[in-house]
Amino acid sequence: MFTKILIANRGEIACRVAATARRMGIKTVAVYSEADANAKHVAVCDEAILIGPAPAKESYLCGDKIIAVALATGAQAIHPGYGFLSENGDFAEACTKAGLVFIGPPASAMRAMGSKSAAKSLMEKANVPLVPGYHGDVQDADFLREEADKIGYPVLLKASAGGGGKGMRVVEHSNDFKAALASCKREAINSFGDDKVLAEKYLSRPRHIEIQVFADTHGNCVYLFERDCSVQRRHQKVLEEAPAPLMPSARRAAMGEAAVAAAKAVRYVGAGTVEFIANQDGSFYFMEMNTRLQVEHPVTEMITGTDLVEWQLRIAAGEPLPKKQSELMIHGHAIEARIYAENPEKGFLPSIGTLRHLHTPDAVTFELGGAPGTGIPAAVRIDSGVRAGDAISPFYDPMIAKLIVWGADRAEALTRMSQALSEYQIVGLATNIAFLKRLIEGDAFASADLDTGLIERNQEVLFPAPTAAPPGALALAAVSLIKSEEESAGNLSDPWGNALGWRLNSALVRQLSFSDDYVQAGDAKAYVSTLEYRSGSWLLNQVPLSLMQHDGFNLSIKLGASAVHGTVRRDGELFHVFTGGSHYTLHYLDPMAHAGEAETEGGRLTAPMPGKVVAVLVSQGQEVKKGDPLVIMEAMKMEHTIAAPHDGLVDEILYAVGDQVADGAPLLAFKTA
């Protein structure tokens with residue numbers, strides 16, 4: 001077994017690999033960019049070496065730098081994690097030439113499966129069912145559109161070297177094909193350095209089911225059952241579960257055997273995932289093979305009682321598979337939710353900022369059976385690469401953590417996930433936690449009515465209109481404000497500095513005003529409450545209010561006859577109230593604060609986040625209609641289109657293609673028609 005390995009990655013997967021290595025007594029070397037100098041993965045490894053500036057192309061994608069660090073630190077092997085260089089055959093080959101073990105499949109297997117088009121050709125020869133499409137090398141735009149016309153719309157364009165939803169577009173009509181192709185190719189070249197695409201028939205209401213396979217150097221290969229990854233946004237997975245709901249045992253065996261056959265066809269070694277797209281009638285088609293450990297591997301670990309990273313290390317060291325197919329069994333049900341820094345209500349736009357407050361549900365672990373230490377199942381498990389105070393930057397994927405739960409059956413897992421999401425608290429940036437809770441509790445997911453269009457089919461349920469904050473949340477914010485005023489009042493013996501509301505022969509009565517997405521600032525319907533100070537208590541809108549317990553940011557209050565418990569974190573004039581499993585963001589309208597300066601001049605469309613301008617689709621003086629695309633930005637590995645808010649005229653273009661822009665920077669001046 002290795003005594004030291006280098007982890008060529010960052011974030012939660014680097015921390016995940018380091019945890020298993022530490023348990024096995026293997027020392028670890030981390031690499032990091034300038035943006036990650038204080039990152040969690042740097043802290044949890046035994047050594048850490050700086051390899052370059054923040055952009056991945058200058059750090060985490062520099063294979064030669066990583067190999068040099070491995071050799072200099074005495075590492076014997078390199079674990080690539082997922083993403084970055086994990087499916088780069090040239091890097092795997094370079095590791096071998098340098099005398100290092102690449103903890104993954106051989107370069108030949110990577111190349112065979114790394115190209116979606118080549119993999120589909122290989123599967124076609126092996127008589128594996130394929131979705132109708134074009135997987136060839138000709139990339140001329142007119143030719144590809146002709147092929148798409150033959151396939152029939154809707155058509156899915158997909159980066160041949162891609163993964164993770166990058167470089168994918170659904171094209172509904174022939175007239176839209178070339179614009180979608182250009183966008184797809186731009187994103188593919190930025191993410192993978194290869195703009196080759198393939199075109200396939202886009203199936204309606206398909207399920208995305210993948211099979212975890214493992215092979216060793218002794219000719220053994222097994223499958224560790226399936227994961228259902230149908231719930232997606234922007235072709236990226238949001239929820240994953242194992243086993244797949246409503247999966248007959250015969251179909252499970254057929255898909256597992258097909259996946260093993262695919263792995264054996266390329267002499268695969270290590271962890272891999274064979275992905276299938278399945279119709280509602282049970283028929284399935286080969287989609288691609290990911291030649292690495294998947295983001296969602298924890299759900300497989302939890303239902304099989306295995307540590308897949310340990311399996312990777314043992315197989316890379318030349319050991320045989322730890323278990324035979326007959327020894328693998330499914331125990332219970334597991335669900336994984338990806339906690340992202342993003343705003344679902346704004347098209348899942350990534351969010352950038354600092355984790356000012358981070359509270360997670362308590363992790364609960366237990367063994368499924370066997371000798372202690374042989375399994376890692378948990379009732380609640382959190383895989384994360386960040387801590388409170390860390391920043392989510394624009395340079396990398398905005399995933400904060402993976403929340404994984406286990407239950408004896410799917411119903412128990414659903415209940416446990418709902419409770420865990422209720423306990424997850426983040427302040428400092430937008431997250432998808434509330435959205436995930438609506439997903440888990442919605443009828444579609446709960447009843448296993450699954451397909452890749454689930455989110456689009458349930459827009460009204462998943463994206464409800466803002467609702468009024470309940471009285472309990474407003475009361476918690478009011479008490480938090482009062483206590484913070486008391487703590488910052490200074491010398492309480494000075495009557496002029498006393499913030500306890502004392503008045504001679506009278507009571508202090510004041511108005512507190514808050515607003516939120518439901519009631520905007522300045523709205524006549526803002527939450528205006530009358531607060532009357534009493535001895536040790538208050539009247540809030542004539543309802544008795546008192547503080548029962550105050551422990552840091554945690555409050556227990558009594559409002560009328562009801563007890564209300566919650567956590568309140570203040571961030572400037574924003575009060576983040578966590579109560580009853582919900583998160584309310586209330587803006588305190590301080591009557592003593594001066595009105596801020598007017599926002600950016602009207603008519604100037606601004607960047608929604610820091611990023612790079614990759615396309616300017618209009619010219620100065622051009623007339624456009626509402627919804628017309630104006631500028632395309634690339635940020636956090638995704639493209640974002642800035643569209644005309646109404647009919648008008650482009651008055652001035654302020655940035656050119658290739659320019660880096662800051663969050664909120666005006667991109668162009670726009671006049672109303």
Side-chain angles (χ1 to χ4, degrees), residues 1-2 5 17 20-21 24 26 76-80 82 86-87 89 92 95-96 101-114 119 122-123 126-128 209-227 242-243 249-250 252-276 286 288-294 296-331 368-371 373-376:
M1 180 50 64
F2 311 114
I5 65 170
V17 173
T20 290
M24 296 177 67
I26 301 171
Q76 301 148 304
I78 293 180
H79 195 302
Y82 53 71
S86 63
E87 295 182 277
C95 289
T96 302
V101 175
F102 179 80
I103 303 173
S108 57
M110 266 193 205
R111 291 183 178 120
M113 287 298 195
L122 183 64
M123 293 300 101
N127 296 317
V128 176
I209 296 177
E210 60 189 31
I211 308 292
Q212 176 73 63
V213 296
F214 248 97
D216 62 23
T217 56
H218 304 274
N220 304 307
C221 187
V222 298
Y223 64 92
L224 289 90
F225 312 108
E226 80 283 354
R227 300 184 286 255
S249 56
R252 173 176 293 127
M255 296 182 77
E257 290 165 6
V260 168
K264 286 184 174 180
V266 293
R267 302 185 183 215
Y268 199 81
V269 174
T273 301
V274 181
E275 303 199 357
F276 295 95
F286 173 85
E288 63 182 325
M289 183 176 187
N290 289 304
T291 54
R292 54 176 166 80
L293 199 66
Q294 291 280 88
E296 57 273 18
H297 76 273
V299 293
T300 296
E301 293 182 321
M302 292 174 80
I303 66 164
T304 58
T306 57
D307 182 336
L308 298 187
V309 173
E310 179 178 344
W311 279 36
Q312 284 187 298
L313 294 170
R314 293 194 179 283
I315 289 169
E319 296 182 18
L321 284 171
K323 290 186 178 182
K324 299 177 182 179
Q325 189 68 59
S326 59
E327 297 174 311
L328 291 165
M329 293 181 291
I330 295 174
H331 303 270
L368 283 178
T374 59
I376 56 169

Greater than 12 external heavy atoms within 6.0 Å of M1's CE: yes

Salt bridge (Lys or Arg N to Asp or Glu O under 4.0 Å) contacts touching residues 252-275 (sequence neighbours left out): E226-R252, K237-E275

Working for side chain to side chain contact (heavy atoms under 4.5 Å, CB included), residues M113 and M123: CA-CA 10 Å; M113 287 298 195; M123 293 300 101; 3.6 Å; yes

A242 versus I303, closest heavy-atom pair with distance: O-CG2, 3.4 Å

Note, Y268 side chain near V274 side chain (heavy atom, < 4.5 Å): no

Atom pair CH2/CG of W311 and L293 - distance to nearest 0.5 Å: 12.5 Å

Quick one: side chains of residues 213-221, donor-acceptor pairs under 3.5 Å with protein atoms, not counting sequence neighbours, listed by atom name and distance.
{"from": "D216", "atom 1": "OD1", "to": "H218", "atom 2": "N", "distance (Å)": "2.9"}
{"from": "D216", "atom 1": "OD1", "to": "G219", "atom 2": "N", "distance (Å)": "3.2"}
{"from": "D216", "atom 1": "OD1", "to": "N220", "atom 2": "N", "distance (Å)": "2.9"}
{"from": "D216", "atom 1": "OD2", "to": "N220", "atom 2": "ND2", "distance (Å)": "2.9"}
{"from": "D216", "atom 1": "OD2", "to": "L321", "atom 2": "N", "distance (Å)": "2.9"}
{"from": "H218", "atom 1": "NE2", "to": "G318", "atom 2": "O", "distance (Å)": "2.8"}

With sequence neighbours excluded, residues passing side-chain hydrogen bond (donor to acceptor under 3.5 Å, both in side chains) with E319: R314

Taking every non-hydrogen atom, the tightest pair across S86 and R292: OG-CD, 3.3 Å

Short side-chain to backbone donor-acceptor contact, Q325 and Y223, under 3.5 Å: yes

Side-chain heavy-atom pair V17, I5 within 4.5 angstrom cut-off: yes

P322 to E327 - nearest heavy-atom pair and separation: O-OE1, 4.3 Å

Which atom of I211 lies closest to which atom of G256, heavy atoms considered: CG2-CA, 4.1 Å

Validation row: Q76, V101 side chains within 4.5 angstrom (heavy atoms): no

Polar contact flag, side-chain donor to acceptor under 3.5 angstrom, T291-E87: yes

Option from E210, R227, E288, H297 for which side-chain hydrogen bond (donor to acceptor under 3.5 Å, both in side chains) with T273 holds: R227

Non-hydrogen atoms of F276 and A258 that approach each other most closely: CZ-CB, 4.2 Å

Minimum-distance pair of heavy atoms, taken over all atoms of G272 and M289: CA-CE, 4.2 Å

4.5 Å side-chain heavy-atom contact, F2 and H79: no

Side-chain (D307) to main-chain (V309) donor-acceptor, under 3.5 angstrom: yes

Flag, side chain of E301 to backbone of L308, donor-acceptor distance under 3.5 Å: yes

